[in-house]
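Here is how names work: the chains are called A, B, and so on, in the same order as the sequence lines, proteins then strands, and each is numbered from 1.
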There are 2 protein chains.
Amino acid sequence: MIDRELMRGAGPVAVLKLLERRPMYGYELVETLERQTNGIFVMGESTLYPLLYNLEGKGLVASRWDEEGARPRKYYRLTPSGKRRLAEDARRWKSVTEAMGALGIVEEALAW
Amino acid sequence: MIDRELMRGAGPVAVLKLLERRPMYGYELVETLERQTNGIFVMGESTLYPLLYNLEGKGLVASRWDEEGARPRKYYRLTPSGKRRLAEDARRWKSVTEAMGALGIVEEALAW
DNA sequence: CTTCATACATCGTCTGGCATAGTATGTGTG
DNA sequence: CACACATACTATGCCAGACGATGTATGAAG
């Protein structure tokens, strides 16, 4: 499990990235995140749902209820605005990792 | 300048890393951070000083006033406890970047 | 029929970034 | 010399966001 502060910047970007592939519902996002990152990003539901509402409020994702299956699911999809934001955030993320690399943080970690 | 949220986890680690090399005073940390990261980490004083007080409160850094020069400077140095924390945080940071890589965030950024 | 997994929602607390503002002194410039 | 600007640290207060705790409802498994 990752430090809450480190999660802070990474969380929204990760969620947007998953939604880029295909629409997903909340519970699915939590599980996919954990699986795809080998258990590194363990985002509780009380973290994810507010995060989704926030993204929706900003127009970066949109939701739609699906009543078809066994139980109702709220699917979120990436909006065009969200797609742009994802590209932006990904660029920023790369900057941050470059900066950390320039400080020698990565090498420090590799020494372990 | 980097988004505040992305900065969030990275700040303390970056500061600890700089202090690993040699003791530095606050103002110096702000400038060194910006220079070493090619202007990516621009940390305001109102962010850095509270951060330092926080690290000192946790015993990760220790301070000492230097009245020798033209104006008083408060030098911070890494404590043994801070050194351990740095190693830990660096490992965590590596995990996060790995996770982001696994999600394809890096490739997204490279496409730009 | 009880236990566990699925699925979404909300509240309250704590942390921390940062804008704002203030104090004090050194340095450069016209 | 006056004044602007850089250096250097401190303090206050707002706001965003992570997450633990809690609640509701239903399906599947034993």
Pairwise N/O distances under 3.5 Å, protein to nucleotides 22-25 of chain C:
unit_1, atom_1, unit_2, atom_2, d
C:dT25, O2, B:R71, NH1, 2.5
C:dT25, O2, B:R71, NH2, 3.2

Under the salt bridge (Lys or Arg N to Asp or Glu O under 4.0 Å) rule, what do A:E31 and A:R35 come out as? Steps first, then yes or no, please.
-> CA-CA 6 Å; A:E31 297 202 309; A:R35 187 161 27 79; over 6 Å; no

Nearest-angstrom distance from the residue atom [atom1] of [X] to [atom2] of [N]:
X	N	atom1	atom2	result
B:L29	D:dC9	CG	C1'	13 Å
A:Y25	D:dA25	OH	P	21 Å
A:L33	D:dA18	CG	P	12 Å
B:M24	D:dA8	CE	P	11 Å
A:D66	C:dC8	CG	P	10 Å
B:L48	C:dG17	CG	C1'	12 Å
A:R73	C:dA9	CZ	C1'	17 Å
B:Y75	D:dA8	OH	P	8 Å

Check this one for me: any side-chain N or O of [X] less than 4.0 Å away from OP1 or OP2 of [N]?
X	N	value
B:K58	C:dT15	no
B:Y49	D:dC9	yes
A:N54	D:dG17	yes

Main-chain N/O of [Y] paired with [X] side-chain donor or acceptor, under 3.5 Å:
X	Y	result
B:T79	B:A62	no
B:T47	B:M43	no
B:E28	B:Y25	yes
B:S63	B:K74	no

Answer yes or no: is there an ion pair linking B:E20 with B:K17, defined by an N-O contact shorter than 4.0 Å?
->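 Between B:K17 and B:E20 there is a salt bridge, with a charged N closer than 4.0 Å to a carboxylate O.
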
Can B:E88 and B:R84 be counted as an ion pair, charged N to O under 4.0 angstrom?
->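 No, B:E88 and B:R84 are not salt-bridged.
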
Nearest-nucleotide comparison on DNA chain C, the residue closer to the 5′ end among A:Y76 and B:T47 |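 Result: A:Y76.
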
Could you please name the option among D:dA21, C:dG16, C:dT6 that lies closest to any side-chain atom of A:S46?
->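 For A:S46, the side-chain atoms sit closest to D:dA21.
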
